[in-house]
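So the structure is just underneath, and the comments pick up after that.
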Amino acid sequence: MQQFTRRLHGIQVSHHKETANIPIIRMPVPEQVTIPMIQQIGAECQPLVKKGDHVLLGQCIGDCEHKLSAPIHASVSGTVTDIRDFVTVQNVTTKAIVIQADGKQEVAPTVQPPQVDSYESFIDAVRRSGLVGLGGAGFPSYAKLMPRQKGSIHTLVVNAAECEPYITADNRAMLEYADFLFYAIETVMQYLELKQTIIGIERNKAEAIARLKQRQTDRIKVQTLPTRYPQGGEKVMIYGLTGKVVQEGMLPADLGILVMNVSSLAFLGMYLKTGMPLVIKWMTVAGSAILIPKNVLVPLGVSYHDVIEFCGGYASEPGEIFMGGPMMGIDVFDDSFPVLKNNNAIIALAKDDVYMPKESPCINCGRCIRACPLDLMPCMFDRAVQRGDVAALRSLKVNLCMECGCCAYVCPADRYLVLANRLGKKLLREADNNEKGGK
Ligand code: SF4
Ligand code: SF4
């Protein structure tokens, strides 16, 4: 059983929070958006429109009845010009609705502030908003707000760490959308009957800390945390704020804790007040390949290319473009990729700043173990993967790895440890599937 016998570790990384003081600016309506039907953990939505249809801003264009799903809405008004195959970053093929914008941004009549007067109507409203975890996880928010046992949650933890280098979108949301944030916190507390809220924030966000502290109450507290990656990891944050450990096989809810990302809550407050579902994202566009780094409000489905053009274009040829931050983000290879719900940043690094080090043999220095925030043994995963040793991967608990990259960051032998961890999980999954198939 994972015990966290030592303090949680993590690493110091260069923050590159150069956009922290740059207010969020809205980009003009693009000519076209491409909206995939999978933008969350859970089931794929089915298109509710067809080629040639005229759609309005905020109109629901995709949904499904699966209990883990979230509806998808049009981010521009215009004409559906295509419904085509789309391959997600997880290599799943789905449909994507292509809308040619008419530039009018005519709002759908369904866009009305929701009537919320009970727990049930609150959950229904959150589902209709299309909200999923905006910090990167993409878990449907209404499902998160439905604990297995009603009344078992007592504490809302607002994850405002934003520990990934470059990204400052959450920081800006705290400064610019604080009214919406606090409205959402109070609403969640009211309908889930919570005792307290703790806003966990890294100490490198002095202005946001000061601003939020002005609004603290007896039941809503701001708690600062050391500036150390990956402070925003769910288990790391819970431990840092409460001293409680989410043990193997447990969820935060088993400790009476609900964790929500700060931008997700700010959006939720905005939706409850305006009724406009999730059709925009505030995101950071930064990195050495971006000419004018900014925090930008963009319509969902706009291409990375269009967003980067709005930021002055490329300063130099990009070597890598990340959906999210450089530590846990996903390399999208191609800037025709659309902005998705859980996409909080586009980070493009210049070719000269990107290099793939050559691996050398492990020297048993143990730095990866000391850096791992979850007390795992990455060097042992690496060896087990090389041997194809599924039993060892299982007993070493490779599945607990959150792929934060701390181990690879500190490894003097440049071992591809995150890649090995992913491979280890894949080997375990395949072995489990084979076992199930054999029964
Ligand atoms: S990537 Fe996994 S094994 Fe490596 S430090 Fe992070 S949690 Fe630990
Ligand atoms: S940090 Fe690298 S070299 Fe050191 S033990 Fe871990 S894998 Fe081996």
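Indexing begins at 1, ligand by ligand and atom by atom, following the structure's order.
- Numbered from 1 in the order shown, with element, the atoms of ligand 2 that lie under 4.0 Å from a heavy atom of C379 read 5 (S), 6 (Fe), 7 (S).
- Using a cutoff of 4.0 Å between basic side-chain nitrogens and carboxylate oxygens, R127 and D63 are scored as salt-bridged.
- With ligand atoms numbered from 1 in the order given, ligand 2 contributes 7 (S) to contacts under 4.0 Å with heavy atoms of R415.
- For the pair K273 and Y183, the cation-pi criterion (under 6.0 Å, within 45° of the ring axis) is fulfilled.
- Of all atoms in ligand 2, numbered sequentially from 1 with element shown, those under 4.0 Å from a heavy atom of G366 are 4 (Fe), 5 (S).
- Sorted by chain and number, the protein atoms of type N, O or S within less than 2.8 Å of atom 2 (Fe) of ligand 1 are C401 SG.
- Between C404 and Y409 there is no side-chain heavy-atom pair separated by less than 4.5 Å.
- Nearest protein heavy-atom contact of atom 6 (Fe) of ligand 2 is C368 SG, 2.4 Å.
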Run D179 and R215 through salt bridge (Lys or Arg N to Asp or Glu O under 4.0 Å) and show every step you take. CA-CA 10 Å; D179 287 348; R215 305 181 67 146; 2.7 Å; yes

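- For ligand 2, the atoms sitting less than 4.0 Å from at least one non-hydrogen atom of C362 are 3 (S), 5 (S), 7 (S), 8 (Fe), numbered in the order shown with element in parentheses.
- The environment of E65 atom CD is sparse: at most 12 non-hydrogen atoms of other residues, nucleotides or ligands sit within 6.0 angstrom.
- Residues passing the side chain to side chain donor-acceptor pair (under 3.5 Å) test with D352: none are found, sequence neighbours excluded.
- Shown here is M380, whose CE atom has no more than 12 heavy atoms of other residues, nucleotides or ligands within 6.0 Å.
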List the steps and the verdict of side chain to side chain contact (heavy atoms under 4.5 Å, CB included) for L278 and L300. CA-CA 8 Å; L278 185 55; L300 288 181; 4.3 Å; yes

Check step by step if salt bridge (Lys or Arg N to Asp or Glu O under 4.0 Å) holds for R394 and D432. CA-CA 11 Å; R394 202 185 304 280; D432 288 346; 3.0 Å; yes

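- A heavy-atom separation below 4.0 Å is found between I363 and ligand 2.
- Within the listing of ligand 2, atoms 1 (S) sit less than 4.0 angstrom from a heavy atom of P412.
- Side-chain contact check for D335 and S303: no donor-acceptor pair (N or O, by modelled atom type) lies under 3.5 Å.
- At the top of the distance list for atom 2 (Fe) of ligand 2, counting protein heavy atoms only, stands C411 SG, 2.4 Å.
- The protein heavy-atom contact nearest to atom 4 (Fe) of ligand 2 is C365 SG, 2.3 Å.
- Comment: K95 engages D85 in a salt bridge, judged by a side-chain N to carboxylate O separation of less than 4.0 angstrom.
- Below 4.0 Å from some heavy atom of P373 lie the following atoms of ligand 1, by number and element: 5 (S).
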